[in-house]
*Asks:* 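Sharing a structure with you now.
The basis for the numbers below is simple: all heavy atoms, side chains too, and nothing from hydrogens, waters or symmetry mates.
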Amino acid sequence: MDEYVVINGKKYRKGYTTGSCAAAASKAAVMMLVLGKQVDRVSIDTPAGVRLTLDVTDVAFSPGSVKCSVLKDGGDDPDMTSGLKVFAEAYFSGQKGVRVLAGEGIGTVTLPGLKVEAGKPAINPVPMKMILKEVQEVFAGDNGVEILLSVPGGRKISENTYNPKLGIVGGISILGTTGIVTPMSEEAWKESIAMELDIAAARGYRNIVFTFGNYGENFAVKQLGVHKEKVIKISNFVGYMLDKAVHCQIEGILLVGHLGKLIKVASGIFHTHSRVADARMETLSAYAALEGADIELVRRVYACKTTDAAAALIQEAGIPGVFDRVAESAARKCREYTFNKIRCGTVLFNKDDSLLSTDTNAKEILKEIRSCNQV
């Protein structure tokens, strides 16, 4: 693709999804099946409004069928599926209409809660719609046509994706809501995280642990004894995931985080990336003053470059009430954000995995999360 997005002043090339590859390969295979001659390039429409013209490779004619591939190119996005080939084999069928099947390297959904029902191939609704639209443009025969999709190498690649956690086994998913890959797309990231919550809700989990990343997940699993299936890494998207939790009718959220993240939530910040908002030292120094710190300590806390440095000063001064304020405030802000539709508790830890504080609700929610009777 020749389209780009600018992030932090740097230019990144866009790419196209596995769904676009599947649609293009399917269209090309059916075209060649109908025309009886080779096609080297094919054009498709994407939901984003971009028309793609993609190269068709690995063309193989067999009696009654044609097979070809389209190379996945995710642009400058760190997409693990870039470089894989999405194959489509088309052949006439006695059944009317277009039927899409999945073969090697495409996963199977095993858990409820996703956009595709359990037991079906992991081909999301938008890519499936794209495939059917493009094929129907070139196939209008009285008979039917079947298309077998496959992605050699997809099984191995899938092991390093979200699929195992989402209960998608045996390969990658055919994805893409727009057909276009935008490098470092926040929306795609959020959608992946939201799918984890859908799975958890479908399993019957009513209380969930939210962490910001790997450190929080490790702390929740190793220090708090929470099963990993009940932990979701929400990155910076606190508000988005709280909204999603309300939608999924989650009853309780235990937010586990390092001081550097939870202090932002305590300030009412629900997207915690530093480029969006940052009131860490302002809030910590204010809380220190409320706990009786002298003006010199308040100034030193305010001047700190990191929350770890500020925490060390607070601990040396013997005023742990600062951390209790952070935990209580973060939990309260989350409850208020959901209009009190979800119980929220917080567990606050430091860089050395030491527990700094838990709020009033945290122990009760944690007990329910650990309970074998929760599911």
*Asks:* Side chains of E186 and H271 only: does a donor on one sit below 3.5 Å from an acceptor on the other?
*Replies:* yes
*Asks:* Walk me through it: do I147 and L101 pass the test side-chain contact (heavy atoms from CB on, under 4.5 Å)?
*Replies:* CA-CA 6 Å; I147 301 164; L101 308 172; over 6 Å; no
*Asks:* Does D58 come within less than 4.0 Å of K85, counting only side-chain N to carboxylate O?
*Replies:* yes
*Asks:* Without swapping roles, check the side chain of N350 against the backbone of H258 for a donor-acceptor pair under 3.5 Å.
*Replies:* no
*Asks:* First locate atom CD1 of I253, then atom CD1 of I232, and finally report the distance between them rounded to the nearest 0.5 Å.
*Replies:* 7.5 Å
*Asks:* Over all heavy atoms of both residues, which pair between D359 and C344 is shortest? Give the atoms and the distance, please.
*Replies:* OD2-O, 3.8 Å
*Asks:* For Y287 and S329, does a side-chain donor sit closer than 3.5 Å to a side-chain acceptor?
*Replies:* yes
*Asks:* Taking the side chain as C-beta and beyond, is there a heavy-atom pair between I319 and L297 under 4.5 Å?
*Replies:* yes
*Asks:* Quick one: are T57 and V70 in side-chain contact, heavy atoms under 4.5 Å?
*Replies:* no
*Asks:* Identify which one of V298, L313, V301 satisfies the side chain to side chain contact (heavy atoms under 4.5 Å, CB included) criterion when paired with L284.
*Replies:* V301
*Asks:* Y302 and E282: side-chain contact (heavy atoms from CB on, under 4.5 Å), yes or no, with the steps?
*Replies:* CA-CA 6 Å; Y302 184 73; E282 291 83 351; 3.8 Å; yes
*Asks:* Can K14 be said to sit on top of Y4's aromatic six-ring, NZ or CZ under 6.0 Å from centre and within 45° of the ring axis?
*Replies:* no
*Asks:* List the atom pairs, donor and acceptor, that lie under 3.5 Å between side-chain atoms in residues 189-196 and the rest of the protein, sequence neighbours left out.
*Replies:*
from	atom 1	to	atom 2	distance (Å)
K190	NZ	E187	OE2	3.4
E191	OE2	K115	NZ	2.9
S192	OG	A188	O	3.2
E196	OE1	K165	NZ	3.1

*Asks:* Below 4.0 angstrom, N of the basic side chain to O of the carboxylate: do E364 and R343 qualify?
*Replies:* yes
*Asks:* Evaluate F270 against K264 for side-chain contact (heavy atoms from CB on, under 4.5 Å), listing each step before the verdict.
*Replies:* CA-CA 8 Å; F270 293 96; K264 294 185 181 182; over 6 Å; no
*Asks:* Main chain of P78, side chain of S82: is a donor-acceptor contact present, judged purely on distance under 3.5 Å?
*Replies:* no
*Asks:* State, yes or no, whether a side-chain contact exists between I180 and T17 at a heavy-atom distance under 4.5 Å.
*Replies:* no
*Asks:* Does S93 use its side chain to pair, donor to acceptor, with the backbone of E146 at less than 3.5 Å?
*Replies:* no
*Asks:* Which of these passes side chain to side chain contact (heavy atoms under 4.5 Å, CB included) with L254: V209, N207, N361?
*Replies:* V209
*Asks:* Give a yes-or-no answer on whether the side chains of T283 and S267 include a donor-acceptor pair shorter than 3.5 Å.
*Replies:* yes
*Asks:* Taking atom types as modelled, is there a side-chain donor on T81 or K72 under 3.5 Å from an acceptor on the other?
*Replies:* yes
*Asks:* Is the backbone of G75 close enough, under 3.5 Å, to the side chain of D73 for a donor and an acceptor to pair up by distance?
*Replies:* yes
*Asks:* With a 4.5 Å limit on heavy-atom distance, are the side chains of D40 and D55 in contact?
*Replies:* no
*Asks:* Is it the case that the side chains of N214 and K233 hold a donor-acceptor pair, with the cut-off being a distance below 3.5 Å and no angle test?
*Replies:* yes
*Asks:* Using a 4.5 Å cut-off on heavy atoms from C-beta on, say whether the side chain of Q38 contacts that of M32.
*Replies:* yes
*Asks:* Would you call K363 and T358 a side-chain contact if the rule is heavy atoms closer than 4.5 Å?
*Replies:* yes
*Asks:* Less than 4.0 angstrom from a charged side-chain N to a carboxylate O is my criterion; do E137 and K133 meet it?
*Replies:* yes
*Asks:* Side chains of S357 and D324: any donor to acceptor distance under 3.5 Å?
*Replies:* yes
*Asks:* Between T18 and V151, is any pair of side-chain heavy atoms under 4.5 Å apart?
*Replies:* no
*Asks:* Salt bridge or not between K11 and D76? Use side-chain N to carboxylate O under 4.0 Å.
*Replies:* no
*Asks:* Find the distance between OG (S371) and CG (L366) and round it off to the nearest 0.5 Å.
*Replies:* 11.0 Å
*Asks:* Looking only at side-chain N and O atoms, does D353 offer a donor or acceptor that is under 3.5 Å from a partner on Y215?
*Replies:* no
*Asks:* Given side chains that start at C-beta, do those of I234 and T211 come closer than 4.5 Å, heavy atoms only?
*Replies:* no
*Asks:* With a 3.5 Å cut-off and no angle check, do the side chains of T306 and D308 form a donor-acceptor pair?
*Replies:* no
*Asks:* Taking NZ, NE, NH1 and NH2 as the nitrogens, is one of them in R332 or E328 under 4.0 Å from a carboxylate oxygen of the other?
*Replies:* no
